[in-house]
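Because the structure is predicted, anything quoted here is derived from the model rather than measured. Convention: sequence-line order gives letters A, B, ...; per-chain numbering from 1.
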Amino acid sequence: MLPFDYQRVETLAEAVAVLGQDPAGTRLLAGGTDLLVFLTDQKLRLGRLLDAKRATDLPGLEVNGALAVGPNVKLRELERHPAVAARWQALAQGASAVGGVAIRNRATLAGNLGTASPAADTPPALLALGARLELLGPAGRRELPLSEFFVGPGRHRLQPAELIRRVLLPAPPPRSGSWYTKLATRQAMDIAFVGVAAALSLAADGTVASARLGLGAVAPTPVEVDLTALLAGRRLDEDALAAAAEAAQVASSPIDDKRCSALYRRAMVGELTRRGLRQALAQAEAAL
Amino acid sequence: MKQVITLQINGQPREVTVEPRTRLLDALRDGLQLTGTKEGCGNGECGACTVLVDGRAVNSCLMLAVEAVGSAITTIEGLAQQGQLHPLQEAFRQHGALQCGICTPGMILAAKALLDEQPRPTRDEIRFHLAGNLCRCTGYQKIIDAVEAAAAALAD
């Protein structure tokens, strides 16, 4: 690792101010499970590493109808939180799919977004569940839909000296369910071949009211696919599932790499879409 | 820039000279000669460097020493008390749950974090909690057996 300075800050406002002094040479340290690997491998050179984990005004995990997740909330905390598991199940599953327990004891949701890996496990769930980001920068706070956040592998729309203050999820609609499926060789410590999150809600008559997918590892960024126009008013039968699977494939632009082929990814994104929607449907029907 | 920090290790305050870039792993091994903590991959893939930070299993290759100021750290050296092996250590010995031993300190600490939180885990829960700790010698059955036996011993 090349040398850098390390600084703890007391407040997030102070973090923004320090980031502003040298945005290119400064990074905010969250769990460090990606950042320290980049530094160890010398893929990143930094003047200063900023640690705001003990800031006094750090938002935590708040559930009151909606869900808000502060920047130092660990993936392990999310996966174990009863309300998250019950109401935003795909997010609990996505959090639990990352690394192993020791990684998830350190890794954060905000950090997983900041790394902006196309194959990350939490963005598909967050996209399917309609996440927005609350960002804090020199000009104050602003909100951004997560679907507009990712630009490419490792790239996102944070402005210089801006940080993720909270990840916001709306309260799930009535009669809804969500599910994340990760396809990988191993059950832990692995990167997804393909990851698909599905979220849907039903009308009182059991037809689809809304449905959305989040896709991972099938494009340069995680991809949101809104299925509401396609599925609203329909029963989720085999024809509807086939149409949804095709929409997921159309939204994908997978590549061949050392993990698997583009052809395989394209086939699997369809299959995982079917599986995810069936699981989400089962949860939603349980609430009918 | 070198600085002297104080870390709480195995219940004792220990001074160690580090740079900001010094990993907790290196502070333990090179700074304090606590070489029970092993480096495997150095990238958070293998779990050999697992220590407990405030009771939670953490990869010490992915944490800076300066980040650990103010936290309670437990290493494998902190488990035996008055010359008596910890029940997990005793169970690993009894069950032959190690060969080369490089993964063992991390395995035992990851298992300790589990048992502290959940005293009687199922075999599936043990597998889930140790999934980030790789062993290239024994296979995992004897390790699971040892953790199960230690849980039973601790419950008595």
Side-chain angles (χ1 to χ4, degrees), chain A residues 1-9 26-54 72 74-77 79-80 93 96-108 111 115 182 184-191, chain B residues 1-3 5 18-26 39-71 106-107 109-114 116-118 121 124-134 140:
Chain A
M1 236 185 281
L2 297 168
F4 50 79
D5 292 333
Y6 169 86
Q7 184 178 349
R8 283 189 184 184
V9 289
T26 312
R27 288 287 281 271
L28 197 58
L29 175 64
T33 52
D34 286 324
L35 197 50
L36 290 196
V37 175
F38 300 153
L39 287 167
T40 298
D41 294 348
Q42 301 193 6
K43 286 178 181 164
L44 187 64
R45 279 165 179 260
L46 285 183
R48 182 156 39 183
L49 203 53
L50 204 55
D51 189 348
K53 290 197 291 290
R54 294 176 202 238
N72 192 37
K74 311 300 188 189
L75 295 178
R76 183 81 182 128
E77 184 181 346
E79 90 181 89
R80 298 185 66 195
Q93 292 169 314
S96 188
V98 174
V101 170
I103 295 290
R104 302 198 295 276
N105 278 337
R106 296 274 294 161
T108 64
T115 295
K182 173 180 186 170
T185 307
R186 294 186 287 156
Q187 291 177 23
M189 309 303 287
D190 206 352
I191 294 173
Chain B
M1 197 178 62
K2 293 202 170 177
Q3 53 185 304
I5 60 172
V18 299
E19 291 181 70
R21 63 175 162 170
T22 306
R23 303 172 301 174
L24 177 58
L25 172 66
D26 301 318
E39 175 159 20
C41 69
N43 263 328
E45 305 277 357
C46 78
C49 66
T50 303
V51 299
L52 304 187
V53 177
D54 297 325
R56 294 194 179 86
V58 159
N59 299 107
S60 64
C61 75
L62 294 184
M63 184 167 185
L64 300 174
V66 288
E67 281 183 276
V69 173
S71 292
M107 285 284 180
L109 287 165
K112 181 173 189 309
L114 167 61
D116 287 348
E117 173 182 302
Q118 202 173 342
D124 281 348
E125 285 167 338
I126 296 169
R127 285 179 188 283
F128 179 86
H129 278 261
L130 297 186
N133 294 79
L134 304 188
Y140 296 95

Part of A/Leu39 within contact of chain B (heavy atom distance under 4.5 Å):
neither
Looking at B/Glu117 and A/Arg76, is any side-chain nitrogen of the basic one under 4.0 Å from a carboxylate oxygen of the acidic one?
yes
CG of A/Asp5 to CE of B/Met1, rounded to nearest 0.5 Å, is 6.5 Å
Under a 4.5 Å cutoff for heavy-atom pairs, which residue among A/Leu36, A/Leu49, A/Leu46, A/Asp34 has the most contacts with chain B?
A/Leu36
Can you see which heavy atom on A/Arg8 is nearest to which on B/Val66, and at what distance?
NH2-O, 3.1 Å
Could you tell me whether B/Gln3 atom CD has more than 12 heavy atoms of other residues or ligands within 6.0 Å of it?
yes
At a heavy-atom separation under 4.5 Å, does B/Leu134 approach chain A through its side chain, its backbone, both, or neither?
side chain
Do you know which two heavy atoms are closest between B/Val69 and A/Arg54, and how far apart they sit?
O-NH2, 3.1 Å
Does some side-chain heavy atom of B/Leu64 sit less than 4.5 Å from a side-chain heavy atom of A/Leu29?
yes
Flag the pair B/Leu62 / A/Ile103 as yes when at least one side-chain heavy-atom distance between them is below 4.5 Å, and no otherwise.
yes
Residue A/Asp41 versus chain B: region with a heavy atom under 4.5 Å:
side chain
Name the region of B/Val51, side chain, backbone, both or neither, that has any atom closer than 4.5 Å to a heavy atom of chain A.
neither
In this structure, CD of B/Glu45 is separated from CG of A/Asp190 (nearest 0.5 Å) by 9.0 Å
Part of A/Thr33 within contact of chain B (heavy atom distance under 4.5 Å)
both
B/Arg127 versus chain A, the contacting section by heavy-atom distance below 4.5 Å:
neither
Smallest heavy-atom separation, B/Asn59 atom then A/Ala102 atom, equals OD1-CB, 3.7 Å
Closest non-hydrogen contact found for B/Phe128 with A/Ser96 is CZ-OG, 3.8 Å
Contacts satisfying salt bridge (Lys or Arg N to Asp or Glu O under 4.0 Å) that involve residues 46-71 of chain B (not counting sequence neighbours) are A/Lys53-B/Glu67, A/Arg106-B/Glu67
